[in-house]
Q: 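Following this message is one structure expressed as C-alpha cells.
Computed from heavy atoms alone, side chains included, the values below leave out hydrogens, waters and symmetry copies. FYI, the numbering just counts along the sequence from 1. We count ligands from 1, going down the list as the structure has it; atoms in each ligand are counted the same way.
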Amino acid sequence: MGSLDVQGLSKRFGSHVVLDNITFSVAEGEFFVLVGPSGGGKSTVLKLICGIEMPDSGRIFLNGRDITPLPPRQRNVGMVFQDYGLYPHMNVFENIAYGLEARGMPRDEVSRRVQEAAAKLGLTPLLDRVVVDLSGGEQQRVALARALAKDADIYLFDEPLSNLDPKLRAQARRDIQMVHRAKGKPSLYVTHDQSEALAIADRIAVIAKGRLQQVGTPNDLLRHPANTFVAGFLGTPSMNLLRGRLVSAPEGFGVEVLPDFVVRLPQTWNTTLQAYSKDQVILGLPPVAFFLPGAQMSEAGVVSTVEAEVDFVEAMVSEVVVAFRLGQDLFINALLANVDETLLQPGRRLTLHFDGDRACLFDPETEQALLPA
Ligand code: ADP
Ligand code: MG
C-alpha cells in the first residue's frame with residue numbers, strides 16, 4: 001500500500017463517463033504526475049481525492065485510511081489550484097493563514113508558520129499586500145506558501161504553472177519541488193504538458209479519455225510505452241509510429257517499412273514474433289535511436305540503414321531535431337546529437353542508421369505494445 005491508494009475510481013456526469021476504473025498508488029515522499037490531454041479527467045481525479053466531488057464507485061485510501069466518504073475538511077489534503085484559489089481581497093498573511101485558523105491552531109503558531117512559509121517563498125515584504133494587487137507569479141507563490149504552511153498528508157497541484165509566463169514557470173517549478181521536499185509527503189501533480197511531466201516526475205500516470213493508459217518512471221514510459229497513445233504522446237519529438245510488415249531472416253525478425261527500409265530487430269523478439277499471428281505491426285522508432293554514420297553508438301547492437309532526405313531542421317540546445325523524408329508521404333523525426341549541422345541542408349540525401357535495440361512494436365488492431373522476451 002502506498003500513502004495514497006486510488007482503487008477503481010469511476011465517475012460520470014450524466015451519461016458522460018469521465019473516469020473509468022482508475023487505479024494507482026503514490027508512495028511516501030514521491031512526486032507523482034498525472035499527465036494527459038485536456039478533458040481527460042485529471043482535475044476530476046484531484047477533486048475526488050480532496051472530496052469536492054464523490055465517485056460513483058471505487059475507493060480512496062490515505063495512509064491506509066478509507067477517506068472516500070469523508071467531507072473535504074476531514075481529509076487533510078493540501079491543494080494548489082490552477083487559478084490559485086486565493087481570497088482576492090484578503091492580504092497575503094491572511095491568505096496563507098486561512099487554512100490554519102480554520103483548524104483552530106493557536107495564533108502564535110499560525111503567525112510563526114505564515115512567516116516561515118512566506119520567507120521560503122520570498123513573500124515577506126508582501127505580507128500586508130492585498131492579493132488582488134499582486135502579479136500572477138506572486139499569487140502563485142502565495143498559493144504555494146499556503147500549502148507549505150499546512151501539514152497535509154498529501155499535496156495536490158492542478159496545473160499550477162499554466163497561468164505563468166515561461167520565465168516564471170521555471171522558478172515556480174523549483175518552488176514546488178522545494179515545497180515537496182520540505183514536506184516529505186507524497187505530491188500528486190497534474191499537467192497537460194508532457195515535457196513538464198517528464199522533467200519533474202518520480203513516476204507518471206498517463207490518463208486520456210478517462211482511462212489510465214500507463215504508470216511508470218519517465219524512463220519506463222519513454223522506453224517501453226504500453227500502447228500507441230502513450231508512444232505518440234510523450235517525448236519531444238515523440239516516437240515515430242510507422243506501419244510495417246513483419247519479415248523473417250535467418251538471424252532474426254525485421255519490419256519492412258519500405259522496400260529499402262527494413263528495421264532489423266534483436267533476437268530478443270524471436271519468441272514473441274514467432275507466436276504473433278499477423279504480418280502487420282506498428283513500429284515505434286524513438287527519435288534518439290537514429291544516428292549518422294561515424295557517430296558514436298552506445299552498445300553497437302543491431303543496426304539498420306536507410307537513405308533519407310533532410311526535410312526540415314530545428315535546432316535544440318545541444319541537439320537537432322531533423323525531419324527526414326523516407327518516401328513520398330513518409331517522414332520520421334530524428335533527434336541527433338554531436339552532428340555536423342552543415343550536412344543538414346534540406347533536400348540533401350543522407351544515410352541514416354537506427355539502433356534496433358530501441359525499436360518498439362504495437363499490434364495495429366489493439367494498439368497495445370508487443371513485448372520482447
Ligand atoms: P482535465 O482536467 O483532464 O482537463 P476534467 O477532469 O476537468 O479534465 O474533465 C473531464 C471531463 O469531465 C470533461 O469532458 C469535462 O467537461 C467533464 N466535467 C468535469 N466536471 C464536470 C461537471 N461538474 N459536470 C459535467 N461535466 C464535467
Ligand atoms: Mg484540469
Side-chain angles (χ1 to χ4, degrees), residues 4-26 31-60 62 67-72 75 77-86 136 139-140 143-144 146-147 154-166 169 172-173 176 180 186-201 203-216 218 221 225-235 238:
L4 173 74
D5 284 280
V6 165
Q7 295 181 357
L9 282 189
S10 295
K11 177 72 179 172
R12 57 172 71 209
F13 290 112
S15 63
H16 180 186
V17 177
V18 171
L19 294 178
D20 184 7
N21 195 21
I22 301 289
T23 297
F24 64 89
S25 296
V26 184
F31 200 91
F32 190 93
V33 176
L34 207 51
V35 67
S38 280
K42 303 181 296 298
S43 295
T44 304
V45 172
L46 295 193
K47 286 176 188 163
L48 295 175
I49 294 168
C50 66
I52 301 171
E53 297 279 359
M54 283 295 183
D56 297 328
S57 56
R59 311 227 64 89
I60 301 164
L62 193 53
I67 61 166
T68 323
L70 299 182
R75 296 190 180 206
V77 166
M79 177 105 187
V80 177
F81 295 93
Q82 177 174 353
D83 56 8
Y84 315 135
L86 300 174
Q139 291 188 17
Q140 211 272 348
L144 278 181
R146 183 164 60 186
I154 187 168
Y155 293 85
L156 309 179
F157 300 91
D158 194 355
E159 312 229 15
L161 308 186
S162 51
N163 293 339
L164 298 179
D165 63 50
R169 217 173 282 169
R173 196 193 274 182
I176 287 168
H180 171 73
S187 292
L188 179 54
Y189 182 101
V190 160
T191 179
H192 64 272
D193 180 344
Q194 56 85 23
S195 64
E196 187 175 304
L198 291 169
I200 60 179
R203 283 192 307 146
I204 295 177
V206 179
I207 185 170
K209 297 197 179 120
R211 290 186 180 220
L212 209 58
Q213 306 290 321
Q214 189 172 8
V215 180
L221 269 54
N227 56 43
T228 53
F229 177 84
V230 174
F233 184 69
L234 296 179
S238 62

Q: Assess, by modelled atom type and distance only, whether the side chains of Asp193 and Thr191 contain a donor and an acceptor separated by less than 3.5 Å.
A: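 No.
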
Q: For the residue pair Asn227 and Gln214, confirm or rule out a side-chain donor-acceptor distance under 3.5 Å.
A: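 The criterion, which ignores hydrogens and geometry beyond distance, is not satisfied for Gln214 and Asn227.
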
Q: For ligand 1, list the protein residues that place a heavy atom within a distance below 4.0 Å of one of its atoms, sorted by chain and number.
A: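 Near ligand 1, by chain and number: Phe13, His16, Val18, Pro37, Ser38, Gly39, Gly40, Gly41, Lys42, Ser43, Thr44, Glu53.
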
Q: Aromatic contact between Tyr189 and Phe31, with the criterion being ring centroids under 6.0 Å apart: yes or no?
A: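 Tyr189 vs Phe31: aromatic centres under 6.0 Å.
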
Q: Using distance alone, with no hydrogens and no angle criterion, decide if Ser10 and Asn21 have a side-chain donor and acceptor under 3.5 Å apart.
A: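 Ser10 vs Asn21: no donor-acceptor pair found between side chains.
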
Q: Given the side-chain rings of Phe81 and Phe157, with only the six-membered ring counted for Trp, is the space between their centroids under 6.0 Å?
A: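 Here the rings of Phe157 and Phe81 have centres that are no less than 6.0 Å from each other.
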
Q: Show the numbers, then the answer: is there a side-chain contact (heavy atoms from CB on, under 4.5 Å) between Val77 and Tyr155?
A: CA-CA 6 Å; Val77 166; Tyr155 293 85; over 6 Å; no

Q: Any N/O/S atom, side chain or main chain, of Ser43 closer to the Mg ion (ligand 2) than 2.8 Å?
A: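 Coordinating: yes.
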
